[in-house]
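Letters A, B, ... mirror the listed sequences (proteins, then strands); counts begin at 1.
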Protein chains: 2
Amino acid sequence: MRMSTKAQYAVRALVSLNLNGDGGPVSIKKISDCESISLNYLEQLFVKLRRGQIVRSVRGPGGGYVLARPADEIRVDEIIDTVEETLVPVSCMENDGSCNCDSRCATQSVWVGLGDRIRSFLASMTLDDLTREGRKRLEL
Amino acid sequence: MRMSTKAQYAVRALVSLNLNGDGGPVSIKKISDCESISLNYLEQLFVKLRRGQIVRSVRGPGGGYVLARPADEIRVDEIIDTVEETLVPVSCMENDGSCNCDSRCATQSVWVGLGDRIRSFLASMTLDDLTREGRKRLEL
DNA sequence: TATATAACTGTCTATTTTTGTCAGGTATTT
DNA sequence: AAATACCTGACAAAAATAGACAGTTATATA
């Protein structure tokens, strides 16, 4: 049960973007340097984040990325949704009926319930929450 | 964010074991047939489950596995702990200080919090709960 | 207008993890 | 003794992950 580094990178990159932003665009290069994340890999993530309406791109010199919405309107679960596929813990639900003992369906309730908890927890936090926490840490 | 099939198999196998048990031991072969899980793979899982004090083995003809404890004392999180390493969503905490912008630490709080939720949810369910649910489904 | 900058795009690849398979060995009941 | 079933370790296919690479396109500024 691991959150992929893809998701972790995406969240970290966006917190970094918001911390360093000051309104203007922040280049992927800068985020890559700050966060020690491969530039090429970040580019792939930001393509998805742009398509997912999390960020807007600004081309040309001095360009980069800005948040597409206020930070307090960007939930963590949205971020993860845009870069990876699912927060549901199992693929499940093929339900081809091949199992005659049917403990499969009994266990589904665990994973569905777990998925709900994961979702609601991540939906309860916004990028703004994390950024405030990050700022607090920087002051120490 | 996926629960590994290893963990899913372990939980399903134990529910199946408890459903088909009737006090006596159930062979891995039977569970394998019922659940359509590779016999060899199940063997590997049950080695861990035995070491984790979840099941006891009974050797010889008519042998198999029995629960080492009453089903209502076996929590789902225990099961998953014994077959896979972690319920903490990130590897994290290397904390080599290489990141000067330090959004890394800010995001850790998300994953730690998430890990807590996952843990407490899975700890709130026992094998007995799942088995009852399985029995209910069989009656329909 | 030229040039530097930085986003954009698609393809390819090395590595790791997952999910098993296979070939035997060992213990125990009948 | 023989059948049953657990036990063990080595090996392997397949998928996911993380990232490299080689370009193309858009735009601000000199």
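The CZ atom of B:Arg2 sits 15 Å away from the C1' atom of C:dT17 (whole-angstrom rounding). We find that CZ of B:Arg51 is positioned 15 Å from P of D:dC6, with the value rounded to whole Å. For B:Gln8 and C:dG20, the CD to P distance is 11 Å, given to the nearest whole Å. Distance, B:Lys48 NZ to C:dG20 P: 14 Å, rounded to whole Å. Spacing between atom CD1 of A:Ile28 and atom P of C:dT5 amounts to 17 Å, rounded to whole angstrom units. Residue A:Leu17 contributes atom CG, which lies 11 Å from atom P of C:dA7 at whole-angstrom precision.
A:Tyr41 and A:Val47 sit in two unconnected hydrophobic clusters of ILVMFWY residues. Membership requires side-chain heavy atoms under 4.5 Å apart, directly or through other members.
Salt-bridge formation is detected for the pair A:Arg119/A:Asp81: a Lys NZ or Arg NE/NH1/NH2 atom is positioned less than 4.0 Å from an Asp or Glu carboxylate oxygen.
Put simply, A:Ser57 has a side-chain N or O that comes within less than 4.0 Å of OP1 or OP2 on C:dC8. Neither OP1 nor OP2 of C:dT19 sits under 4.0 Å from any side-chain N or O of B:Tyr9.
Along DNA chain C, the nucleotide nearest to A:Gly63 and the one nearest to A:Arg50 differ in position, and the one closer to the 5' end is contacted by A:Gly63.
Counting any heavy atom pair closer than 4.0 Å across all strands shown, B:Arg56 reaches no nucleic acid atom.
Within residues 38-47 of chain A, the residues approaching DNA chain D are A:Ser38, A:Asn40, A:Tyr41, A:Gln44, by heavy-atom distance under 4.0 Å.
No more than 12 heavy-atom neighbours from other residues, nucleotides or ligands sit within 6.0 angstrom of CD on B:Gln53.
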Practice prompt. Kindly indicate, with the supporting measurements, whether the criterion salt bridge (Lys or Arg N to Asp or Glu O under 4.0 Å) is fulfilled by A:Asp128 and A:Arg135.
Written response: CA-CA 10 Å; A:Asp128 193 48; A:Arg135 232 187 292 274; 5.5 Å; no
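For B:Thr5, taking side-chain heavy atoms from C-beta onward, the closest of the listed nucleotides C:dT19, C:dT5, C:dA7 is C:dT19. Listed nucleotides D:dT25, D:dG19, C:dA6 differ in distance to A:Arg59; the shortest reach to its side chain belongs to D:dT25.
Among B:Asp72, B:Asn18, B:Thr126, the one residue that satisfies the side-chain hydrogen bond (donor to acceptor under 3.5 Å, both in side chains) test with B:Thr131 is B:Asn18.
Nearest approach of B:Ser16 to B:Cys34, heavy atoms of both residues: OG-CB, 4.2 Å. Nearest heavy-atom pair across B:Thr82 and B:Lys48 is O-CB, 3.5 Å.
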